[in-house]
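Structure first, then comments.
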Amino acid sequence: MAKTICLIDASKCMGCRGCQAACKQWNQLPAEDTTFEGTYENPSRLSSSTWMKIKFREQDNENGGVDWLMTKQGCMHCSDAACILACPAGALYRTEFDTVSVDEVKCIGCNYCAGVCPFQVVGFDRLANKARKCTFCIDRLQNGLKPACATACPTGSISYGDSRELIDKATKRLSQLKAAGKTNANIYGLTEVDGTAMLYVLEDNPEKYGFPADPHVPIQTRLFNAIYAPLRILVVVAVGIGLWSNWNRSKKIEEAKEKPN
Ligand code: SF4
Ligand code: SF4
Ligand code: SF4
């Protein structure tokens, strides 16, 4: 199977958030109560029910005006995926499309994946005790459809297709932006974490959009994986017992509180 990716051309994003709404709608993710936190982003952060959102960054330009830097934030589907290496239960896995998914049945809710993800895109459902994130719309891919966000985008900022064609498209777009005076324009996700299935064309440095300049898998995560991967079953059992003990203790405390004196 030819490798497919999404190309996100930030220079074409107008911040309409059609992609964000399409992600919610297709994946049946509920709305969240939000408050204004001083940014134009709503919600302000990703969560178990918001798997992607549009980032808004405002910056002064040399003409005395303001530039808007807007782009999609969500799981990058890294080739070198810290979440897969960190998960003691083997719940994070690489799919047949070379994307990264969570197997909710295997997830034990330890939240390690969220802690090590260099892009901080894993949401945690406290009620279900499960990690949740963008699935790259794998159920759509398996049925020959494009991801919902790429389908909804009215400006062509998000495209989906063959990786070689989209890398070529990104390279041409980068040349256009440089020729137009965007000297800091760059392609993000080509080499970072060995390449990401969400590839970006950015008009300015990654940090200006809130992306890490040098995302990488923490060394502790690699060590953990090398040492403990063979003992995964034992780790799962130990974490399971720990979680069960915590739950049982909380239950007993609640029951003691409810008993009449
Ligand atoms: S962005 Fe984070 S959650 Fe997504 S594949 Fe990479 S490490 Fe895993
Ligand atoms: S690929 Fe699907 S799940 Fe991922 S951000 Fe796009 S719409 Fe949401
Ligand atoms: S739908 Fe397209 S233009 Fe609208 S916010 Fe999303 S990426 Fe930007």
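Just so you know, ligand 1 is whichever comes first in the structure, and atom 1 is the first atom listed for that ligand. This one's a predicted model, so the numbers in the text were calculated from it and none came from an experiment.
Heavy-atom proximity to Cys23, at under 4.0 Å, picks out these atoms of ligand 2: 3 (S), 5 (S), 7 (S), 8 (Fe). Near Ile54, meaning under 4.0 Å from one of its heavy atoms, ligand 3 places the atoms 5 (S), 6 (Fe). Of all the atoms in ligand 3, the ones that sit under 4.0 Å from a non-hydrogen atom of Cys153 are 1 (S), 2 (Fe), 3 (S), 7 (S). Atoms of ligand 1 lying under 4.0 Å from any heavy atom of Lys133, numbered from 1 in the order shown and given with element: 3 (S). Close contacts between ligand 1 and Phe119 involve ligand atoms 1 (S) [criterion: under 4.0 Å to a heavy atom]. Atoms of ligand 1 found under 4.0 Å from any heavy atom of Cys83, numbered from 1 in the order shown, are 3 (S), 5 (S), 7 (S), 8 (Fe). Those atoms of ligand 2 with a heavy atom of Pro147 less than 4.0 angstrom away are 1 (S). Against a heavy-atom cut-off of under 4.0 Å, Val121 is close to the following atoms of ligand 1: 1 (S), 2 (Fe), 3 (S). For ligand 3 and Cys13, the ligand atoms under 4.0 Å from any heavy atom of the residue are 3 (S), 5 (S), 7 (S), 8 (Fe). Heavy-atom contacts of Val122 reach the following atoms of ligand 1: 3 (S) (cutoff under 4.0 Å). Taking every heavy atom of Cys78 and a limit of under 4.0 angstrom, the matching atoms of ligand 1 come to 1 (S), 5 (S), 6 (Fe), 7 (S). Near Cys19, the atoms of ligand 3 lying under 4.0 angstrom from a non-hydrogen atom of the residue are 1 (S), 5 (S), 6 (Fe), 7 (S). Listed by number with element, the atoms of ligand 2 under 4.0 angstrom from any heavy atom of Met52 are 5 (S). Those atoms of ligand 1 that come under 4.0 Å of a heavy atom in Ala82, given as number and element, are 7 (S). Shown in contact with Gly15 at under 4.0 Å from a heavy atom are these atoms of ligand 3, numbered in order with element: 5 (S), 8 (Fe). The distance from ligand 3 to the heavy atoms of Met14 drops below 4.0 Å at these ligand atoms: 3 (S), 8 (Fe).
Protein heavy atom nearest atom 3 (S) of ligand 2, with residue, atom name and distance: Asn27 ND2, 3.4 Å. Given atom 2 (Fe) of ligand 2, the protein heavy atom at minimum distance is Cys137 SG, 2.2 Å. Scanning the protein for heavy atoms near atom 6 (Fe) of ligand 2, the closest one is Cys149 SG, 2.4 Å. Nearest protein neighbour of atom 4 (Fe) of ligand 2, counting heavy atoms only, is Cys134 SG, 2.3 Å.
Here the closest heavy-atom approach between residue Ser157 and residue Cys153 is recorded as N-SG, 3.3 Å. Minimum interatomic distance between Leu92 and Cys113 (heavy atoms only, all atoms of both residues): CD2-CB, 4.0 Å.
Within the coordination shell of atom 4 (Fe) of ligand 1, defined by N, O or S atoms under 2.8 Å, Cys75 is present.
At least one heavy atom of Arg17 sits under 4.0 Å from some atom of ligand 3. Using 4.0 Å as the threshold, Trp26 has no heavy atom nearer than that to any atom of ligand 2.
Here the rule is side chain to side chain contact (heavy atoms under 4.5 Å, CB included) with Arg173, and of Val201, Ile187, Asp168 only Val201 fits it.
A donor atom on one side chain and an acceptor atom on the other are not found under 3.5 Å apart for Glu41 and Gln73.
Between Phe224 and Tyr112, the angle of the ring planes goes over 60°, which puts this pair in the perpendicular group of the 30/60° scheme.
Residue contacts with ligand 3 for Ile158 involve side-chain atoms from C-beta outward but no N, CA, C or O (heavy atoms, distance under 4.0 Å).
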